[in-house]
Number of protein chains: 2
Amino acid sequence: MATQAAEPRAPLSRERVLLAAVSLADSEGLGAATMRRIAEALDAEAMSLYYYVANKDDLFDGIVDLLMAEINAVVDRDEATGRDWKQAMRRRILSAREILLRHPWAPKVLESRTTMRPAVVIYHDRLVGLMRSGGFSNDLAHHALHALGSRALGFSQELFDPNGAAAGADDRMLADLAEQVPNLAGMLAEVAHDDPDSTLGWCDDQSEFEFSLDLILDGLDRLRQGAATS
Amino acid sequence: MATQAAEPRAPLSRERVLLAAVSLADSEGLGAATMRRIAEALDAEAMSLYYYVANKDDLFDGIVDLLMAEINAVVDRDEATGRDWKQAMRRRILSAREILLRHPWAPKVLESRTTMRPAVVIYHDRLVGLMRSGGFSNDLAHHALHALGSRALGFSQELFDPNGAAAGADDRMLADLAEQVPNLAGMLAEVAHDDPDSTLGWCDDQSEFEFSLDLILDGLDRLRQGAATS
DNA sequence: ACCTGAACACCGTTCAAGT
DNA sequence: ACCTGAACACCGTTCAAGT
């Protein structure tokens with residue numbers, strides 16, 4: 001009775017550390033995923049994490065691996081079909097996007113990686129395989145990866161957010177702005193951007209994402225056909 | 001002789017603070033632009049900066065304003081011409097890119113802004129104006145902004161860097177990777193990506209950027225014509 | 001092998017105080 | 001009006017020490 005049995009706690013592991021970080025980022029944003037907060041969620045001390053991750057960069061690498069494993073699993077399942085390259089590519093990219101939409105921090109983390117994550121390489125390798133089987137030259141497949149950029153993984157950085165533009169602006173400011181940017185003001189008035197739930201935090205609605213993706217895929221298809229003809 | 005005249009120092013100002021921050025980011029990277037380091041460069045204390053910027057976010061806002069003012073100045077000069085929308089748009093975007101290439105930190109800072117910077121809005125307004133004068137409907141111009149995304153400002157986030165892939169990898173690792181990603185390995189072997197100076201730090205070479213930009217502009221042009229016909 | 005306490009060098013930021 | 005010293009709450013990370 002003098003020695004009280006300590007609460008037994010599940011032992012740490014690299015996976016538990018990574019999952020705790022993901023969980024924190026999901027619920028409170030990427031900024032909440034600090035070593036100290038992650039450790040706290042695991043009922044441990046910050047220094048303990050360093051037994052499982054080399055440093056913060058390694059932690060984010062691990063998170064990317066987790067994310068990409070999920071995406072690649074979907075792609076592999078799709079692999080069976082893959083006759084029409086354009087439809088298959090579209091399907092894969094939109095599947096990847098669905099997963100990203102559940103993790104708003106994903107684009108920022110993916111972009112922050114300077115090292116080459118094997119799972120990311122594998123994802124793109126499968127895209128190239130799909131294009132090659134669809135009649136792409138290696139050269140065009142290479143151009144295609146560049147043209148898609150981050151869109152290949154299901155997101156695109158938007159610098160312009162008509163939905164968020166009005167946030168915190170009163171009528172006077174909006175009127176002033178309309179004078180200074182008549183083209184945009186007219187455009188937005190006509191387009192009536194009434195799709196309020198853009199889940200990635202940018203004005204990057206599903207339909208706009210698909211419009212842009214199709215524009216690129218169609219352009220690539222034309223180039224592919226042109227090369228085959230000539 | 002007892003009281004030694006203190007070295008007179010140029011008084012601070014918001015502009016001097018912003019310029020010092022830009023200078024630090026240019027030379028030592030964005031991470032070097034801390035309040036303490038900026039103040040040090042100005043021969044002042046970190047707390048003095050708060051007289052000219054509300055906080056770090058406000059500082060980055062100011063930097064974006066500086067950058068965009070430079071870009072908009074170029075665009076305004078171009079405004080005189082602007083007959084063929086496609087050529088004018090291409091020229092503007094590549095001009096913006098030239099300026100961004102001198103500031104490797106610019107994409108990250110631009111993406112980090114959540115608030116709407118007027119100068120960024122104005123830049124896009126002029127793009128819309130150009131498209132409208134070129135026969136775009138408001139709806140297509142709106143799609144176009146989404147399709148271009150960050151490319152409208154002259155950069156695109158690349159998640160895939162064939163040049164950097166080999167960094168820190170020995171032959172054994174590369175051989176293993178080639179087995180796991182045969183499509184990519186074959187593609188890269190054929191394309192022979194021997195353009196070593198990608199200035200933005202991604203595999204985002206000028207020619208690849210232009211290829212993607214033209215792919216999108218051509219696609220938009222076709223849609224514009226299609227709409228005009230129907 | 002696994003975890004931690006104490007400590008270090010950094011952050012951004014506040015606030016009362018100096019000139 | 002302009003600038004600063006001292007202090008606070010937070011980082012990531014190291015290292016020697018505990019079990």
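Letters A, B, ... are given to chains in the order of the sequence lines, protein chains preceding strands, and every chain is numbered from 1.
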Could you tell me which nucleotide pairs with dT19(D) by Watson-Crick or G-U wobble geometry, both distances under 3.5 Å, or answer none if nothing does? dA1(C)
Which one is paired to dG12(C), where only Watson-Crick or G-U wobble pairs with both distances under 3.5 angstrom count? dC8(D)
For DNA chain C, whose closest nucleotide is more 5', that of Ser48(A) or that of Tyr51(A)? Tyr51(A)
How do Leu12(A) and Arg37(B) order along DNA chain C: which one's closest nucleotide is nearer the 5' end? Leu12(A)
Taking the six-membered ring of Phe209(B), is the NZ or CZ of Arg97(B) close enough (under 6.0 Å from the centre) and on axis enough (within 45°)? yes
Quick one: label Met35(B) by what it contacts on the DNA or RNA (base, sugar-phosphate, nothing), any heavy atom closer than 4.0 Å. sugar-phosphate
Distance check needed: [N] [atom2] versus [X] [atom1], whole Å only.
X: Arg16(A); N: dC2(C); atom1: CZ; atom2: P; result: 14 Å
X: Asn55(B); N: dA9(D); atom1: CG; atom2: P; result: 20 Å
X: Asp57(A); N: dC11(D); atom1: CG; atom2: C1'; result: 15 Å
X: Arg36(B); N: dC11(D); atom1: CZ; atom2: P; result: 15 Å
X: Ile38(B); N: dC11(C); atom1: CD1; atom2: P; result: 10 Å
X: Arg14(B); N: dC2(D); atom1: CZ; atom2: C1'; result: 17 Å
X: Glu45(A); N: dA7(C); atom1: CD; atom2: C1'; result: 15 Å
X: Met47(A); N: dC2(C); atom1: CE; atom2: C1'; result: 15 Å

Are any non-hydrogen side-chain atoms of [X] and [Y] less than 4.5 angstrom apart?
X: Arg126(A); Y: Asn72(A); answer: no
X: Leu110(B); Y: Phe155(B); answer: yes
X: Leu188(A); Y: Asn138(B); answer: no

Output the single nucleotide from dT4(C), dT13(D), dC3(C) whose closest atom is nearest the side chain of Ala46(A). dT13(D)
Taking the six-membered ring for Trp, are His146(B) and His142(B) parallel (under 30°), tilted (30 to 60°) or perpendicular (over 60°)? perpendicular
